[in-house]
Amino acid sequence: YYYTYQEKLKPKKDDEINEGAFLHKLLEHLFKEQSFYESAEVMKQNIDRLLDQLLETYSPKIAYSKLLWKAKLAKFIEQQITHFKAGWRVVEREKHIVGEIGGIHFKGVVDRIDQDAMHTLILDYKSGSITDANRTKNLEKLTDFQMSIYWELLKETYQNIELDFIEIFNGTMSEITELEAKTQQLHEIVGELKSMKEVVAQRCDEVSRCLYCDYTLLCERGDYL
């Protein structure tokens, strides 16, 4: 936060493909073309075509990644066909939302919103583990409040809201656990933030948090070449 918003430094561009970001883009295009699919074969054909359109095969590594994703998305396709047969339809993709929680302004991008005849389903794609985000114990250690923020910003817009994670590589849809307790914790953190007069930016003690940071070199925690 400090490097991005206070120092206004831009992270070094990475030549590697960001798997999570690319798959989000792929699924955005997939459901922009159709709001639901009845046939697994058609859905797979569209995914294969979009993979070729969105990611040019210019190296053996890219070609291998595409083959791997095509295989790993098979369970996702199967689960989504079942989901659509139950009456769900995609109504929003990559929806930008803004709002206020406890006097602090928030903004975000919701991966997908589905609806059936009675309910609205807020969906968040996950290409990695949902263990921390969907924990049921030791909530005081929770650092991911994304779904609670979505709930607070969208609860006045939609009726009968449900919130689920979708694990992209196995297709599993998991309802957010302990939403009320996590949202209460979010409000407590917002209250603490509002009472702060200043912040001292310093390196955290948990090096594991630095794993996906764009600024590890500035903190002397990255790999020097």
Side-chain angles (χ1 to χ4, degrees), residues 1-28 92-113 122-155 157 163 165-168 176-225:
Y1 183 93
Y2 172 74
Y3 287 133
T4 303
Y5 297 106
Q6 294 299 118
E7 295 297 321
K8 300 189 184 302
L9 297 175
K10 293 184 179 180
K12 177 182 176 296
K13 289 187 177 180
D14 196 343
D15 293 332
E16 294 292 320
I17 297 174
N18 184 312
E19 180 178 75
F22 176 75
L23 291 173
H24 277 63
K25 180 180 179 181
L26 171 70
L27 296 177
E28 179 190 5
E92 297 281 359
R93 306 154 308 277
E94 299 296 315
K95 180 178 176 63
H96 290 258
I97 58 173
V98 295
E100 188 176 286
I101 302 174
I104 292 182
H105 293 284
F106 286 82
K107 63 180 180 179
V109 180
V110 178
D111 291 337
R112 197 172 112 196
I113 299 177
I122 310 300
L123 295 169
D124 186 55
Y125 294 131
K126 293 292 186 185
S127 57
S129 172
I130 66 169
T131 300
D132 183 62
N134 218 24
R135 64 167 63 222
T136 58
K137 299 179 180 179
N138 301 318
L139 296 184
E140 69 279 358
K141 296 182 179 180
L142 182 69
T143 58
D144 187 339
F145 294 94
Q146 182 177 10
M147 296 300 257
S148 289
I149 293 171
Y150 289 169
W151 163 258
E152 288 293 277
L153 298 186
L154 294 172
K155 65 183 181 181
T157 303
L163 299 99
F165 295 109
I166 302 183
E167 296 177 74
I168 296 175
I176 181 71
T177 58
E178 301 292 340
L179 177 62
E180 185 176 349
K182 292 172 180 176
T183 303
Q184 177 60 38
Q185 191 172 345
L186 169 66
H187 280 278
E188 292 173 2
I189 292 173
V190 167
E192 292 172 4
L193 290 173
K194 287 183 66 178
S195 67
M196 296 172 67
K197 302 300 181 183
E198 62 179 7
V199 176
V200 178
Q202 57 187 8
R203 294 194 299 181
C204 59
D205 295 326
E206 296 181 38
V207 180
S208 61
R209 294 187 179 184
C210 305
L211 185 60
Y212 300 106
C213 178
D214 292 317
Y215 301 98
T216 50
L217 291 179
L218 291 174
C219 282
E220 300 181 358
R221 285 184 169 168
D223 295 325
Y224 289 87
L225 299 179

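Residue numbers start at 1 and run along the sequence shown. The figures that follow rest on heavy atoms only: side chains count, while hydrogens, waters and symmetry mates do not.
- Side-chain contact between Lys126 and Ile168: absent, with no pair of heavy atoms (C-beta onward) separated by less than 4.5 Å.
- Taking 4.5 Å as the limit, every side-chain heavy atom of Arg135 sits out of range of all side-chain heavy atoms of Glu178.
- Shortest non-hydrogen contact noted between Ile176 and Ala133 is CD1-O, 3.8 Å.
- Listed by chain and residue number, nothing satisfies the side chain to side chain donor-acceptor pair (under 3.5 Å) test with Lys95 (two or more places apart in sequence, or in another chain).
- By the side chain to side chain donor-acceptor pair (under 3.5 Å) test, Tyr125 is found to be paired with Arg112, residues two or more places apart in sequence or in another chain being considered.
- Partners of Thr136 by side chain to side chain donor-acceptor pair (under 3.5 Å), not counting sequence neighbours: none found.
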| said: side chain to side chain contact (heavy atoms under 4.5 Å, CB included), that's the test. Do Ile122 and Trp151 meet it? Break it down for me. | reply: CA-CA 8 Å; Ile122 310 300; Trp151 163 258; over 6 Å; no
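- In terms of the ring pair (Phe, Tyr, Trp, His ring centres under 6.0 Å) criterion, Tyr2 has no residue partners (sequence neighbours excluded).
- Considering CG of Asp124 and CD of Glu167, their distance stands at 11.0 Å, rounded to 0.5 Å.
- Listed by chain and residue number, Asn134, Lys182 satisfy the side chain to side chain donor-acceptor pair (under 3.5 Å) test with Thr177 (two or more places apart in sequence, or in another chain).
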Quiz: residues 96-110 side-chain donor-acceptor pairs under 3.5 angstrom, not counting sequence neighbours:
none

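- Among all heavy-atom pairs drawn from Gly20 and Ser127, the shortest one is CA-OG, 3.6 Å.
- Put simply, the side chain of Leu193 reaches to within 4.5 Å of the side chain of Met196, judged on heavy atoms.
- In terms of heavy-atom proximity, Asn18 sits nearest to Ala21 at OD1-N, 2.9 Å.
- Arg93 meets the salt bridge (Lys or Arg N to Asp or Glu O under 4.0 Å) test with no other residue; sequence neighbours excluded.
- For Asp111, there are no salt bridge (Lys or Arg N to Asp or Glu O under 4.0 Å) partners at least two apart in sequence or on another chain.
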Please set out all donor-acceptor pairs under 3.5 angstrom arising from side-chain atoms of residues 137-144, sequence neighbours excluded.
from: Thr143; atom 1: OG1; to: Asp132; atom 2: OD2; distance (Å): 3.4
from: Asp144; atom 1: OD1; to: Gln146; atom 2: N; distance (Å): 3.0

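- Here salt bridge (charged side-chain N to carboxylate O under 4.0 Å, His left out) pairs that include residues 187-202, with residues two or more places apart or in two chains, number zero.
- For Glu152, the salt bridge (Lys or Arg N to Asp or Glu O under 4.0 Å) criterion is met by Lys155, not counting sequence neighbours.
- Heavy atoms of other residues, nucleotides or ligands lying less than 6.0 angstrom from CD of Glu7 number more than 12.
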| task | Report the C-alpha distance between Leu163 and Leu179 in whole Å, list the side-chain angles of each, state the deciding distance to 0.1 Å, and finish with yes or no for side chain to side chain contact (heavy atoms under 4.5 Å, CB included). | result | CA-CA 9 Å; Leu163 299 99; Leu179 177 62; 3.6 Å; yes
